[in-house]
Amino acid sequence: MEEILDQKKIRIEKLEKLKGLGLNPYPYKFVRTHIIKEIREKEEEMVGANSVAIAGRIMAKRGHGKTVFADIKDESGKLQIYFRKDTLDKKLFEIVDLIDIGDFIGAQGEIFKTGTGELTLLVKGFEFLSKSVFPLPEKWHGLKDKEIRYRKRYLDLIMNKDVREMVVMRAKIIKKMREILDSKGFIEVETPTLQPLYGGAFAQPFKTYYNALERDYFLRISDELYLKRLIIGGIEKVYEICKDFRNEGIDKTHIPEFTMLEAYEAYADYADMMDLTEEIVTGITKALFGSLKFNFQGNEIDVSRPWKRLGFYEGIESLTGENLSEVTRGKAYTFARDHGIDIDENAGKGKILDEIFDEMVQPKLIQPTFVIDYPLEISPLAKKHRKNPELVERFEPVIAGIEIGNAFSELNDPFDQRERFEQQKSMKEMGEGEIQELDEDFLKAMEYGMPPTGGLGIGVDRLVMLLTDIPSIREVIVFPQLKSKE
RNA sequence: GGGCCGUUAGCUCAGCUCGGUAGAGCAUCGGACUUUUAAUCCGAGGGUCGUGCGUUCGAAUCGCACACGGCUCACCA
C-alpha cells in the first residue's frame with residue numbers, strides 16, 4: 001500500500017535522478033568539522049569561519065527562486081543553511097531541487113548571520129548522505145498520535161524534542177546511580193533473568209520453556225534472592241540494575257517489563273538503607289538540576305535530607321483518625337469497605353491494611369517520605385521489628401504519592417524464614433492470590449549463615465518519571481509494548 | 001476484564017447532531033520570487049472515511065460485531 005504513495009514515488013524518482021548524475025544517495029562517510037551545538041556556542045568566533053562542514057537531517061526547506069533556505073538538524077541542535085545560485089556550482093545548485101525534508105545532507109561552507117540575526121551556513125558544497133523516501137510528519141503540529149509515537153519511536157524522536165530529553169535524562173540518572181553505588185564500594189553483578197522459581201516479590205510471572213534444560217522457567221519478577229545469595233557468599237556490598245517482568249496490568253505507574261535497582265549491604269539495617277536511598281536520590285537530583293528541588297506535575301518536590309519518617313499505622317491513623325494496629329481482620333475489612341475500598345474477600349489482614357494505606361494515605365505523601373514498619377504478613381522476606389514482633393523493619397520511599405522503592409532489614413534467620421514461607425503457603429490455601437513461594441535452595445543458602453543485611457529496591461522508571469516530570473511510566477520507556485496488528 | 005472516547009489525505013484536524021458521490025492547513029507537484037524562518041503569492045494532484053455485516057433507493061454519517069489505540073475503574077505492590 002505504501003508503494004503507491006505519490007510522495008514516495010516522487011522521492012524515488014529523485015533518488016534515481018541522483019544516481020543518473022553519478023551521485024551515491026547512500027554513501028559511506030562524511031567528515032564533519034563541527035557539530036551544530038559547537039557552532040552555536042562559539043557563535044561570535046564562528047561568524048566568518050570558512051570550510052565549516054556539518055551533517056544532519058533536513059527538517060524544513062524554503063525556496064526563493066535563486067536562493068533556498070533549509071534547516072538542518074543533528075543530534076546537538078538545528079542550524080539554518082543557505083544555498084545561493086551565485087555561490088554554488090551551477091550543477092550543484094540544480095541538485096538542491098532534489099533535496100527533500102527528511103534527507104540527510106553533509107554541507108560545507110561559511111558561517112554568517114542573516115539580516116534577521118539568524119546564524120546560518122552559506123553552503124559552498126554539499127552531498128547527500130541518505131535520501132529519505134517517505135515523508136516525515138508535519139513540521140508544525142508534529143506527531144501526536146500516541147499509537148504511532150510508541151510504534152515508531154524513531155519518528156517520535158525526530159519530531160518531539162521531549163522524548164529525546166527523556167532518553168538523555170534517563171541515561172544520566174542510571175549513570176549517576178551507578179556512580180554513587182560504585183563510589184561506595186558496591187559491586188555490580190548480573191543474576192539470572194530466567195529463573196526456575198520466581199521470587200523476591202508478589203507477582204504473576206511470565207513463563208517460558210528452557211529447551212536445553214527441558215523444563216519450564218520463569219522470567220524474573222525480582223533478583224532479590226540471587227543478590228542475597230551473593231551476600232551469603234561474602235560480597236558485602238552488591239547491586240544490580242536490571243529488567244524485572246511481572247505479568248500484570250498496565251497503568252500510570254505499572255508496566256510488565258520495568259527496570260529495578262536492587263542493592264544489598266552486609267552488616268547494615270533498614271535505617272542504613274534509608275541513608276543510602278537519600279544519598280542516591282539527592283545525588284542524582286543534584287547532578288541533574290544543581291539543586292535538591294524539582295517540579296513534578298505542579299508540585300515542588302524538595303528532596304533535602306533527612307526525609308520524613310512515617311510509621312505505617314501512624315500514617316493510617318493520622319489520615320483516618322483510626323488506629324488499626326491491633327484490630328482483627330474482620331474489623332479492618334469492614335473499615336476498608338466503609339471507606340469505599342474494594343477488597344478481595346479472601347485478602348488477609350495485612351493485605352487489607354496495605355490497600356487502606358495505598359488508597360487513603362499514600363496519595364497524600366507529596367514530599368519525600370519513608371513509610372516505615374509494615375505488618376509482618378505482607379513482608380515475608382523482611383526481618384521482624386526489633387521492638388515489635390508484629391511488624392517488620394521495612395520501608396517504602398514515597399514521593400509525589402508514588403512509591404519509588406521498597407527496602408528492609410533483610411531476614412537472615414533461616415528458621416524464621418522457613419516459617420514465613422510456610423505462613424505464605426497457608427495464606428494461599430486461605431485464598432490469597434499471590435504469595436512468596438518457598439525456595440528450598442535459597443533457604444539452604446541461608447542455613448550456611450547470612451550476615452545481617454540491609455536491602456533496597458528502587459523502581460528506576462518511576463524515579464525517571466519524577467525527575468522528568470512525566471506522569472506516565474510508558475512515556476519513560478523507549479519501546480513500550482503494544483499489541484501487534486496482524 | 002468493565003465504562004467512556006477515538007480511528008477521515010503522509011501529518012494535524014473539520015465533516016457525523018438532522019444519511020444525498022469527501023474538506024482545510026501543513027507536506028507533495030507545477031509556476032513566480034537572491035536574507036527567508038509556520039516564508040509568501042498563483043495553480044494542481046492526492047482518500048477502498050479502521051475492518052466486516054446490517055438498515056436504506058442511497059452510509060464517513062444510523063445500528064451491530066470485531067480490531068487497534070487513548071483515558072479511567074478494577075486487577076496488580
Side-chain angles (χ1 to χ4, degrees), chain A residues 1-2 4-11 13-14 59-71 78-88 93 97 100-102 112-120 122 132-152 155-156 158-159 200-205 221-222 244 246-256 258 260 340-344 347 350-351 353-355 357-359 362 371 374 378-379 394 396 398 402-406 433-434 436 457 459 462 471-472 474 480 482-486:
Chain A
M1 218 164 42
E2 279 182 2
I4 58 170
L5 180 71
D6 281 353
Q7 292 191 43
K8 184 172 180 181
K9 269 190 190 164
I10 290 161
R11 285 174 177 223
E13 280 165 20
K14 290 179 182 172
M59 296 304 290
K61 195 181 168 193
R62 300 176 287 278
H64 296 262
K66 297 186 182 66
T67 65
V68 175
F69 289 92
D71 295 334
K78 203 190 272 185
L79 191 74
Q80 177 166 269
I81 59 177
Y82 182 38
F83 302 89
R84 287 176 66 99
K85 195 170 184 180
D86 58 9
T87 51
L88 262 184
F93 189 74
D97 276 346
D100 283 308
I101 292 171
F112 77 109
K113 265 191 187 179
T114 65
T116 51
E118 179 85 19
L119 200 64
T120 301
L122 175 63
S132 163
V133 294
F134 207 80
L136 291 177
E138 192 224 350
K139 62 183 171 189
W140 188 244
H141 297 92
L143 178 66
K144 289 183 175 171
D145 186 303
K146 282 201 184 185
E147 184 173 356
I148 302 176
R149 287 189 45 231
Y150 291 151
R151 287 191 198 277
K152 300 187 177 173
L155 286 183
D156 200 17
I158 294 166
M159 302 308 298
F202 300 102
Q204 291 296 319
I221 59 171
S222 157
D244 288 343
R246 300 184 182 174
N247 210 344
E248 285 163 357
I250 299 173
D251 64 26
K252 284 192 167 186
T253 54
H254 297 84
I255 192 155
F258 64 101
M260 182 87 124
I341 300 169
D342 205 15
I343 285 192
D344 187 282
K351 180 80 194 287
L353 291 169
D354 203 30
E355 288 285 331
F357 192 94
D358 284 353
E359 289 288 321
Q362 189 177 302
V371 178
Y374 280 70
I378 52 171
S379 317
R394 169 181 177 188
E396 289 188 357
V398 176
I402 299 172
E403 46 177 270
I404 59 156
N406 189 14
E434 287 175 347
Q436 178 67 57
R462 289 183 181 177
S472 161
R474 280 148 86 232
L482 294 181
K483 228 183 225 187
S484 52
K485 295 179 170 176
E486 65 275 357

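Letters A, B, ... are given to chains in the order of the sequence lines, protein chains preceding strands, and every chain is numbered from 1.
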Using a heavy-atom cut-off of under 4.0 Å over every strand shown, decide if [X] touches base, sugar-phosphate, or nothing.
{"X": "A:Phe112", "answer": "base"}
{"X": "A:Lys146", "answer": "sugar-phosphate"}
{"X": "A:Tyr150", "answer": "sugar-phosphate"}
{"X": "A:Asp354", "answer": "base"}
{"X": "A:Gly63", "answer": "base"}
{"X": "A:Asp251", "answer": "base"}

Within the distance-only criterion (no hydrogens, no angle test), does the side chain of [X] pair as donor or acceptor with the backbone N or O of [Y] below 3.5 angstrom?
{"X": "A:Arg246", "Y": "A:Ile221", "value": "yes"}
{"X": "A:Arg62", "Y": "A:Ala70", "value": "no"}
{"X": "A:Arg462", "Y": "A:Ile402", "value": "no"}

Both distances below 3.5 Å, Watson-Crick or wobble geometry, any strand: find the nucleotide opposite [N].
{"N": "B:rG47", "value": "none"}
{"N": "B:rC71", "value": "B:rG3"}
{"N": "B:rU12", "value": "B:rA24"}
{"N": "B:rC53", "value": "B:rG63"}
{"N": "B:rC33", "value": "none"}

(message) Assuming nearest nucleotide by heavy-atom distance, tell me which of A:Glu138 and A:Ala203 is located more 5' along RNA chain B.
(response)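 Of the two residues, A:Glu138 wins.
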
(message) Closest-nucleotide mapping onto RNA chain B: is A:Ile378 or A:Asp71 further toward the 5' terminus? I mean the 5' end.
(response)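 Looking at RNA chain B, the more 5' nearest nucleotide goes with A:Asp71.
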
(request) Take atom NZ of A:Lys85 as the centre, draw a 6.0 Å sphere, and report whether it contains more than 12 heavy atoms from other residues, nucleotides or ligands. (result)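 No - once you tally the heavy atoms of other residues, nucleotides and ligands closer than 6.0 Å, there are 12 at most.
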
Rounded to the nearest angstrom, tell me the gap between atom [atom1] in [X] and atom [atom2] in [N].
{"X": "A:Asp100", "N": "B:rU28", "atom1": "CG", "atom2": "P", "answer": "7 Å"}
{"X": "A:Ile148", "N": "B:rU12", "atom1": "CD1", "atom2": "C1'", "answer": "11 Å"}
{"X": "A:Ile81", "N": "B:rU34", "atom1": "CD1", "atom2": "P", "answer": "19 Å"}
{"X": "A:Arg151", "N": "B:rU7", "atom1": "CZ", "atom2": "P", "answer": "17 Å"}
{"X": "A:Gln7", "N": "B:rC26", "atom1": "CD", "atom2": "P", "answer": "14 Å"}
{"X": "A:Phe83", "N": "B:rU36", "atom1": "CZ", "atom2": "C1'", "answer": "14 Å"}
{"X": "A:Lys61", "N": "B:rU35", "atom1": "NZ", "atom2": "C1'", "answer": "18 Å"}
{"X": "A:Lys152", "N": "B:rC68", "atom1": "NZ", "atom2": "P", "answer": "18 Å"}

Given the [atom1] atoms of [N] and [M], what is the spacing between them in whole Å?
{"N": "B:rC66", "M": "B:rU21", "atom1": "P", "answer": "32 Å"}
{"N": "B:rG23", "M": "B:rA44", "atom1": "P", "answer": "14 Å"}
{"N": "B:rG19", "M": "B:rA27", "atom1": "P", "answer": "37 Å"}
{"N": "B:rG52", "M": "B:rC57", "atom1": "P", "answer": "23 Å"}
{"N": "B:rC71", "M": "B:rC13", "atom1": "P", "answer": "15 Å"}
{"N": "B:rU48", "M": "B:rA9", "atom1": "P", "answer": "8 Å"}
{"N": "B:rU17", "M": "B:rG25", "atom1": "C1'", "answer": "25 Å"}
{"N": "B:rC29", "M": "B:rA39", "atom1": "P", "answer": "15 Å"}

(request) List the atom of A:Asp156, the atom of A:Leu143, and the distance in Å for their closest heavy-atom pair. (result)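 So the minimum-distance heavy-atom pair works out to N-CD2, 3.9 Å.
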
(request) State, to 0.1 Å, how close A:Met159 and A:Lys139 come at their nearest heavy-atom pair, and which atoms those are. (result)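 That closest heavy-atom pairing would be CE-CA, 4.4 Å.
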
Please determine, for the side chain of [X], which listed nucleotide ([options]) has the closest atom?
{"X": "A:Glu147", "options": "B:rC68, B:rG25, B:rU28", "result": "B:rC68"}
{"X": "A:Lys14", "options": "B:rU28, B:rG10, B:rU35", "result": "B:rU28"}
{"X": "A:Phe69", "options": "B:rA27, B:rU34, B:rU35", "result": "B:rU35"}
{"X": "A:Arg474", "options": "B:rU28, B:rG70, B:rU36", "result": "B:rG70"}
{"X": "A:Asp6", "options": "B:rG46, B:rC68, B:rU28", "result": "B:rG46"}
{"X": "A:Pro135", "options": "B:rC13, B:rG70, B:rG10", "result": "B:rG10"}
{"X": "A:Ile101", "options": "B:rC71, B:rU28, B:rC68", "result": "B:rU28"}
{"X": "A:Thr67", "options": "B:rU34, B:rU28, B:rC11", "result": "B:rU34"}
{"X": "A:His64", "options": "B:rC29, B:rG70, B:rA39", "result": "B:rA39"}
{"X": "A:Arg84", "options": "B:rU34, B:rU12, B:rU28", "result": "B:rU34"}

(request) Drop me the distance from A:Ile81's CD1 to A:Lys61's NZ, to the nearest 0.5 angstrom. (result)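 A:Ile81 atom CD1 to A:Lys61 atom NZ measures 10.0 Å (nearest 0.5 Å).
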
(request) Answer with yes or no whether A:Gln80 presents, from its side chain, a donor or acceptor under 3.5 Å of a partner atom in the base of B:rU36. (result)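 Indeed there is one.
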
Check this one for me: any side-chain N or O of [X] less than 4.0 Å away from OP1 or OP2 of [N]?
{"X": "A:Lys139", "N": "B:rA27", "result": "yes"}
{"X": "A:Lys252", "N": "B:rU72", "result": "yes"}
{"X": "A:Arg62", "N": "B:rU36", "result": "no"}

(request) Give the intermediate values and the outcome of ring pair (Phe, Tyr, Trp, His ring centres under 6.0 Å) for residues A:Phe83 and A:Phe69. (result) CA-CA 6 Å; A:Phe83 302 89; A:Phe69 289 92; 9.4 Å; no

(message) Taking the side chain as everything from C-beta on, heavy atoms only, tell me whether A:Asp251 gets closer than 4.5 Å to A:His254.
(response)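 They are in side-chain contact.
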
